[in-house]
Protein chains: 2
Amino acid sequence: MVKRISHKNSSCGVARPLDAIGDGWTLLIVRDAFDGLRRFGEFQKSLGLAKNILAARLRNLIAHGIMDTIPASDGSPHQEYALTEKGRGLFPLLVALRQWGDDFFFEPGEAHVLLVDRMRGLPVRKLELRSDDGRVLGPGDTVVQPAPEQTAKKRK
Amino acid sequence: MVKRISHKNSSCGVARPLDAIGDGWTLLIVRDAFDGLRRFGEFQKSLGLAKNILAARLRNLIAHGIMDTIPASDGSPHQEYALTEKGRGLFPLLVALRQWGDDFFFEPGEAHVLLVDRMRGLPVRKLELRSDDGRVLGPGDTVVQPAPEQTAKKRK
DNA sequence: CATGATAGTTTCAAATTAAAACCATGTGGT
DNA sequence: ACCACATGGTTTTAATTTGAAACTATCATG
């Protein structure tokens, strides 16, 4: 049922998430969810995609635990779609995507929107990867390494 | 030729980049390129995808200015594929993807790799979005806003 | 009870993907 | 020169996915 990217690479830390969101529409749905959309019709109107595709994508997002259906917030008899904790974890990724888009997909004069701090109204900083001791790290400054065995994952 | 995501949303800062990389294989190719792979055969062996698909993806990456062909680095008569500046700009996005994967796609005891600072061998920090004055911002703390007209884009 | 809105599913044609076969070029051995 | 083989693709063909449109179901409203 769920698309599976062939072989052993599915166990890599990049390939496995791509199995869940590596699709043109899915991240747009998630972005709309961050923007407060909740209802099937809202997503469809916002994105302009076919209803069957939207239904399939929402099913997939739910199957992966990224979104969930909640009974209803207002009185309406229909369900709503909301991001789970896992789904909200996509925030940095969406920001990275937007910043990359802003940097490389718009001509200097071209109108576009940018992300601002709601409180002060100023543009946010560029995302940067930092080492444990605070140095900014570029592509050449990192390596992947087997994680130490059995460390309980600390979240929050 | 190039896939186009229907309508007005293509002008949004998230949808436009997804047109270039919103595909299951493309980011894996880019990740492999960050890991130093350069040759057609290397990508194919690493990812295990069909050669026609790899050729199509590489063409698309080149068309979008994310990778480029360079004549040859060693003596071999074949060309190599290398990331452009725009392609290297995907580094934070790949890191975000990996960190999200590490956090939500692996069971606590499950073996996986993590990203470490090459210099000190310690795991890197979690990516976090910060305001201009340094506060960490979550999904609710930001808004998108029309960019001020005509500001020359500063890079580097 | 008719009408419409919302939230889907079904149907079917068109586009995309994947596997495998094929081809083209250069290399190394004899 | 000839043969085998490695690399880097393209072509062909079948299977899968996508997308548009039609259809269905449920509730609300007049």
Side-chain angles (χ1 to χ4, degrees), chain A residues 1-10 15 18-29 32-33 36-64 67-82, chain B residues 1-10 15 18-29 32-33 36-64 67-82:
Chain A
M1 196 60 130
V2 174
K3 186 172 68 169
R4 184 122 293 286
I5 288 178
S6 38
H7 65 146
K8 57 171 178 279
N9 278 82
S10 291
L18 279 176
D19 205 44
I21 57 160
D23 154 79
W25 290 116
T26 299
L27 280 178
L28 291 176
I29 295 171
D32 274 359
L37 304 199
R38 282 160 205 293
R39 301 272 293 264
F40 188 93
E42 291 178 317
F43 290 112
Q44 208 224 327
K45 183 143 45 78
S46 162
L47 298 173
L49 84 176
K51 303 189 332 165
N52 52 351
I53 305 298
L54 175 57
R57 290 299 173 276
L58 288 171
R59 257 196 302 277
N60 192 246
L61 283 166
I62 291 167
H64 277 95
M67 298 187 81
D68 205 354
T69 54
I70 55 179
S73 70
D74 59 350
S76 107
H78 298 293
Q79 59 190 352
E80 302 188 336
Y81 298 91
Chain B
M1 197 60 130
V2 173
K3 186 172 70 171
R4 182 121 294 285
I5 289 179
S6 38
H7 64 149
K8 58 171 179 276
N9 279 81
S10 291
L18 279 176
D19 205 43
I21 57 161
D23 155 80
W25 291 115
T26 299
L27 280 178
L28 291 176
I29 296 171
D32 275 358
L37 304 199
R38 279 155 208 295
R39 301 272 293 263
F40 187 93
E42 291 178 317
F43 291 112
Q44 209 225 324
K45 182 143 45 79
S46 163
L47 298 173
L49 83 176
K51 304 195 317 173
N52 51 352
I53 304 298
L54 176 56
R57 291 298 173 278
L58 288 170
R59 257 197 302 276
N60 191 245
L61 283 166
I62 291 166
H64 277 95
M67 297 187 82
D68 205 355
T69 54
I70 55 180
S73 70
D74 59 350
S76 104
H78 299 293
Q79 60 190 352
E80 303 188 336
Y81 298 90

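To find a chain, count down the sequence lines: A is the first, B the second, and so on, and within it residues start at 1.
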Considering every strand and a 4.0 Å limit on heavy-atom distances, what is the contact class for Q44(B): base, sugar-phosphate, or nothing?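 If one applies the 4.0 Å heavy-atom cut-off, Q44(B) turns out to touch nothing in the nucleic acid.
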Which is true for Y81(B) with a 4.0 Å heavy-atom rule: it touches a base, it touches only sugar-phosphate, or it touches nothing?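 Sugar-phosphate, backbone atoms only, no base.
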Atom-to-atom span, [atom1] of [X] to [atom2] of [N] - whole angstrom:
{"X": "K45(A)", "N": "dA5(C)", "atom1": "NZ", "atom2": "P", "answer": "12 Å"}
{"X": "D19(A)", "N": "dT17(D)", "atom1": "CG", "atom2": "P", "answer": "12 Å"}
{"X": "R38(B)", "N": "dT7(D)", "atom1": "CZ", "atom2": "P", "answer": "18 Å"}
{"X": "I53(A)", "N": "dT9(C)", "atom1": "CD1", "atom2": "P", "answer": "12 Å"}
{"X": "L54(B)", "N": "dT16(C)", "atom1": "CG", "atom2": "C1'", "answer": "16 Å"}
{"X": "L58(A)", "N": "dT18(D)", "atom1": "CG", "atom2": "C1'", "answer": "16 Å"}
{"X": "E80(B)", "N": "dG9(D)", "atom1": "CD", "atom2": "C1'", "answer": "16 Å"}
{"X": "D23(A)", "N": "dA15(C)", "atom1": "CG", "atom2": "C1'", "answer": "15 Å"}

A56(A): side-chain contact (heavy atoms from CB on, under 4.5 Å) partners, not counting sequence neighbours: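 Counting only residues at least two positions away or on another chain, A56(A) forms a side-chain contact (heavy atoms from CB on, under 4.5 Å) with R59(A).
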Can you check whether W25(A) has a side-chain N or O nearer than 4.0 Å to OP1 or OP2 of dG19(D)?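 Result: yes.
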Should R39(B) be listed as having a side-chain N or O under 4.0 Å from OP1 or OP2 of dG8(D)?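 Answer is yes, contact under 4.0 Å.
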Got L58(A) and T69(A) here, is their nearest side-chain heavy-atom distance under 4.5 Å?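 In short, these two side chains do not touch, never coming nearer than 4.5 Å.
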Would you tabulate the pairs of protein nitrogen or oxygen atoms and nucleotide nitrogen or oxygen atoms of nucleotides 10-14 of chain D closer than 3.5 angstrom?
residue : atom : partner : partner atom : Å
dT10(D) : OP2  : R59(B)  : NH1          : 3.2

In Å, rounded to the nearest 0.5 Å, how long is the span from CD of E80(A) to CE of M67(A)?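 Rounded to the nearest 0.5 Å, the CD-CE separation comes to 10.5 Å.
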What distance do R38(A) atom CZ and D32(A) atom CG have between them, rounded to the nearest 0.5 Å?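 Spacing of CZ (R38(A)) from CG (D32(A)) equals 12.0 Å.
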Which nucleotide in dA18(C), dT18(D), dT7(D) has an atom nearest any side-chain atom of A50(B):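 Minimum distance to the A50(B) side chain belongs to dA18(C).
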State, to 0.1 Å, how close L37(B) and S46(B) come at their nearest heavy-atom pair, and which atoms those are.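 Taking L37(B) first and S46(B) second, the nearest heavy atoms are CD1-CB, 3.7 Å.
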Atom of R39(B), atom of Q79(B) and distance for their closest heavy-atom approach: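 Minimum heavy-atom contact is CD-O, 4.1 Å.
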Out of I62(B), I29(B), I70(B), which one pairs with Y81(B) under the side-chain contact (heavy atoms from CB on, under 4.5 Å) rule?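 Output: one option passes, namely I62(B).
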